[in-house]
Amino acid sequence: MNNFSSHLEHLKFRIRSAAEACGRDPAGVRLVAVSKTHPAEAVREVAACGQVAFGESKIQEAQGKIPILPASLEWHFIGHLQSNKIRKALPLFQLFHGVDDGNLARQMERICEESGRTCRILLEVNVSGEASKFGFDPGRLREVLPGLLALRRVQILGLMTMAPYSEDPLAAKPYFSALRRLRDDLRAQTGAALPELSMGMSGDFEAAIAEGSTIIRVGSAIFGERPKPPPDCQFLNFLRQIMDSSRGIMY
Ligand SMILES: *Cc1c(COP(=O)(O)O)cnc(C)c1O
């Protein structure tokens, strides 16, 4: 028995409270329910509670799910898009959150041109500078943005970021405010509106709302924890443990 509906209600209450606490209209914060790793049936149940926007991070997984779900749903790609997957991805998603490379955006433009499409994207920024994170360096983005705004079929709606993982829900605040300030600078520099700020996940969306987030991407607070790694990994870890513990006996 899933509690999706009560999770969703509780989440919406927290979103409303966070928006009101900083004098924002809760309608200005859109919720993308991140359904990666969860089966289509779970998406169907959450959609039945009135949720429309869902997020996926792998093209192959999305190809298995999106076509068998109601066409009224809206899909967001929140992962790292590889250029060889652009053609498959374009018809599936209404917004691409994680575009982190000018060449990728230009390839999307070219393939949109060929297939008579347009697409909407957010540029991912690595605000924290962590080596493990994808995203434009903020200085680099200032240089390349004017060129990317000239693309005709790829429409840049704003910026996206992920804060470093932390147990402290407020630790992410400085990263979110840095993204908003960068957006304000880029807006002044280029004249582009860049209305969307995609920031905030299950652990930090309240801080993101306080810093001006317009789209939050929330998975585990709705669907519960994601499934553990596949059993073959667990089995390998188990073997490793046995080998490690037997070393003392062997030598
Ligand atoms: C998985 C994921 C999320 C959702 O994370 P939760 O902590 O489950 O809310 C949000 N954004 C991105 C980019 C993700 O990969």
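All ligand and atom numbering here is 1-based and tracks the order in the structure. What you see is a predicted model; the values in this text were computed from it and never measured. Values reported hereafter were calculated over all heavy atoms of this structure, with side chains retained and with hydrogens, waters and symmetry mates removed. Residues: numbered from 1 along the sequence shown.
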With a 4.0 Å cut-off, would you call Glu196 and Arg183 a salt bridge?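 Judged by the 4.0 Å cut-off on N to carboxylate O distance, Glu196 and Arg183 do not form a salt bridge.
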Can you tell whether the side chains of Glu211 and Lys173 come within less than 4.0 Å, N to carboxylate O?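 Lys173 and Glu211: salt-bridged.
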Under 4.0 angstrom from ligand 1, any heavy atom of Arg226?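 True for this residue.
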Show every ring pair (Phe, Tyr, Trp, His ring centres under 6.0 Å) that has at least one partner inside residues 2-42, sequence neighbours left out.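 For residues 2-42: Phe4-Phe223, His38-Phe223.
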When the ring planes of Phe77 and Phe96 are compared, do they come out parallel, tilted or perpendicular, using 30° and 60° as the limits?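 Tilted: the ring planes of Phe77 and Phe96 meet at 30° to 60°.
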With sequence neighbours left out, what residues match Asp25 under side-chain hydrogen bond (donor to acceptor under 3.5 Å, both in side chains)?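 Residues passing side-chain hydrogen bond (donor to acceptor under 3.5 Å, both in side chains) with Asp25: none at all.
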Is there a nitrogen or oxygen of Gly219 sitting under 3.5 Å from a nitrogen or oxygen of ligand 1?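 In this structure, Gly219 places an N or O atom under 3.5 Å from an N or O of ligand 1.
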For [atom], what is the closest protein heavy atom, and at what distance to 0.1 Å?
atom	result
atom 13 (C) of ligand 1	Ile78 O, 3.5 Å
atom 1 (C) of ligand 1	Lys36 NZ, 1.5 Å
atom 9 (O) of ligand 1	Ser202 OG, 2.5 Å
atom 11 (N) of ligand 1	Arg217 NE, 2.8 Å
atom 5 (O) of ligand 1	Met201 CE, 3.5 Å

Output the distance between atom CG (Leu104) and atom CG (Leu123), rounded to the nearest 0.5 Å.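 Rounded to the nearest 0.5 Å, the CG-CG separation comes to 10.0 Å.
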Where on Met162 is there a heavy atom closer than 4.0 Å to ligand 1, on the side chain, on the backbone, on both, or on neither?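 Side chain only.
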Can you tell me which portion of Ser220 lies within the under-4.0 Å heavy-atom range of ligand 1? Options are side chain, backbone, both, or neither.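 The answer is both, backbone and side chain.
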Aromatic ring proximity, centroids under 6.0 angstrom, Trp75 and Phe93: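 For Phe93 and Trp75, the ring centres are not under 6.0 Å apart.
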Would you mind running through ligand 1 and noting each atom that sits below 4.0 Å from a heavy atom of Val218?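 The list of qualifying atoms is 9 (O).
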